[in-house]
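This chain uses plain numbering: 1 for the first residue, then up along the sequence. Any value given below was found using the heavy atoms of this structure, including those in side chains, with hydrogens, waters and symmetry copies removed.
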Amino acid sequence: MNNENQAYFYGHYTNSLSPRGQASIPKKFRDNLSEEEAIGGFVLLPGQDNCLYLYTHLQFASVKNRVRTLAIEKNSPEFFRSFMEEVVAIDTDTQGRFVIPQRMREYANLSEKEITFIGMDDRIEIWNPQMRNTMRDKTAAEYSSLRESSSRDIFGL
């Protein structure tokens, strides 16, 4: 499968999080998966700003290759090793349910009963809803200014 056929994700959804860390990938995201991606499962890893990144295995392959290339360029096998040891393979059931490991829940501060999923093109981000709202509020003026100044380039207006 080439990159043109891989799923991309957009939008945001809030789903429940069980006390033992079980969550369900939103159906809209699951519906975007090709048959090959749906069978392959997912990869979960710590992301920026204390959220989690969820990739299909196919999409994660390009991320892993970029990290490997950077580690080789920097002559730092420990960089690649440290990155790879944080990665967790995630299996889902037919309803997209999976368990977020405790250490990942702690990293992303996922102690509430709800979590937010945000589609970010080639990945899904998983957030503590309050942390996401705080981040959104903090960057709202910057986003508004950038969107206004870039509207012609983005939307062709």
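- The distance between the ring centers of F29 and F9 falls below 6.0 angstrom.
- Using modelled atom types, one side-chain atom of S18 and one backbone atom of Q22 make a donor-acceptor pair closer than 3.5 Å.
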Next item on the list: Mind running side chain to side chain contact (heavy atoms under 4.5 Å, CB included) on F98 and D93 for me, showing each step along the way?
Entry: CA-CA 7 Å; F98 67 103; D93 65 13; over 6 Å; no
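- Annotation: E85, atom CD; neighbour count of heavy atoms from other residues, nucleotides and ligands within 6.0 Å is above 12.
- Counting only distance, with no hydrogens or angles, the side chain of S24 and the backbone of Q95 share a donor-acceptor pair below 3.5 Å.
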Item checked: Verdict with reasoning, I124 to Y55, per side chain to side chain contact (heavy atoms under 4.5 Å, CB included) -> CA-CA 7 Å; I124 299 167; Y55 289 95; over 6 Å; no
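- Between atom CG of residue D49 and atom OG1 of residue T139 there is a gap of 9.0 Å, rounded to the nearest 0.5 Å.
- The backbone N or O of I25 sits less than 3.5 Å from a side-chain atom of R30, completing a donor-acceptor pair.
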Checklist line | Stepwise side chain to side chain contact (heavy atoms under 4.5 Å, CB included) check, N15 with E114 | finding: CA-CA 6 Å; N15 277 355; E114 292 185 330; over 6 Å; no
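- More than 12 heavy-atom neighbours from other residues, nucleotides or ligands sit within 6.0 angstrom of CG on N65.
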Item checked: Working for side chain to side chain contact (heavy atoms under 4.5 Å, CB included), residues W127 and I118 -> CA-CA 8 Å; W127 285 84; I118 300 175; 3.7 Å; yes
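- For Y53 and F60, the gap between ring centers reaches or exceeds 6.0 Å.
- Contact check for M131 versus N109: side-chain heavy atoms found under the 4.5 Å cut-off.
- Residues K64 and F80 share a closest heavy-atom pair of O-CE1, 3.8 Å.
- Salt bridge annotation for R103-E106: absent, with no cationic side-chain nitrogen under 4.0 angstrom from a carboxylate oxygen.
- Annotation for E142: atom CD does not count as buried by contact number, only 12 or fewer foreign heavy atoms lying within 6.0 Å.
- With values rounded to the nearest 0.5 angstrom, I115 atom CD1 is found 10.0 Å from R105 atom CZ.
- Residue V43 is grouped with residue V67 when hydrophobic side chains (ILVMFWY) are merged at heavy-atom distances under 4.5 angstrom, including chains of intermediate members.
- Remark: the backbone N or O of Q59 is paired with a side-chain donor or acceptor of S62 at under 3.5 angstrom.
- Hydrophobic clustering, with ILVMFWY side chains joined whenever heavy atoms are under 4.5 angstrom apart, groups F79 together with V63.
- Here the closest non-hydrogen pair linking L110 and L17 is O-CD2, 3.4 Å.
- Taking a 6.0 Å sphere around NE2 of H57, one finds it holds more than 12 heavy atoms contributed by other residues, nucleotides or ligands.
- Residues L52 and M84 fall into different hydrophobic clusters, defined by Ile, Leu, Val, Met, Phe, Trp and Tyr side chains chained together at heavy-atom separations under 4.5 Å.
- At a threshold of 4.5 Å between side-chain heavy atoms, the hydrophobic network of Ile, Leu, Val, Met, Phe, Trp and Tyr places F83 and I90 in two separate groups.
- There is a path of hydrophobic side-chain contacts, each under 4.5 Å, that joins V88 to F42.
- Listed by first and then second residue, the side-chain hydrogen bond (donor to acceptor under 3.5 Å, both in side chains) pairs that reach into residues 115-124 are R123-E125, sequence neighbours excluded.
- Judged purely by atom type and a 3.5 angstrom limit, S34 uses its side chain to pair as donor or acceptor with the backbone of E37.
- A donor-acceptor distance shorter than 3.5 angstrom exists from the side chain of N50 to the backbone of Y107, with no hydrogens or angles considered.
- The two residues M104 and L44 have their closest heavy-atom pair at CE-O, 3.5 Å.
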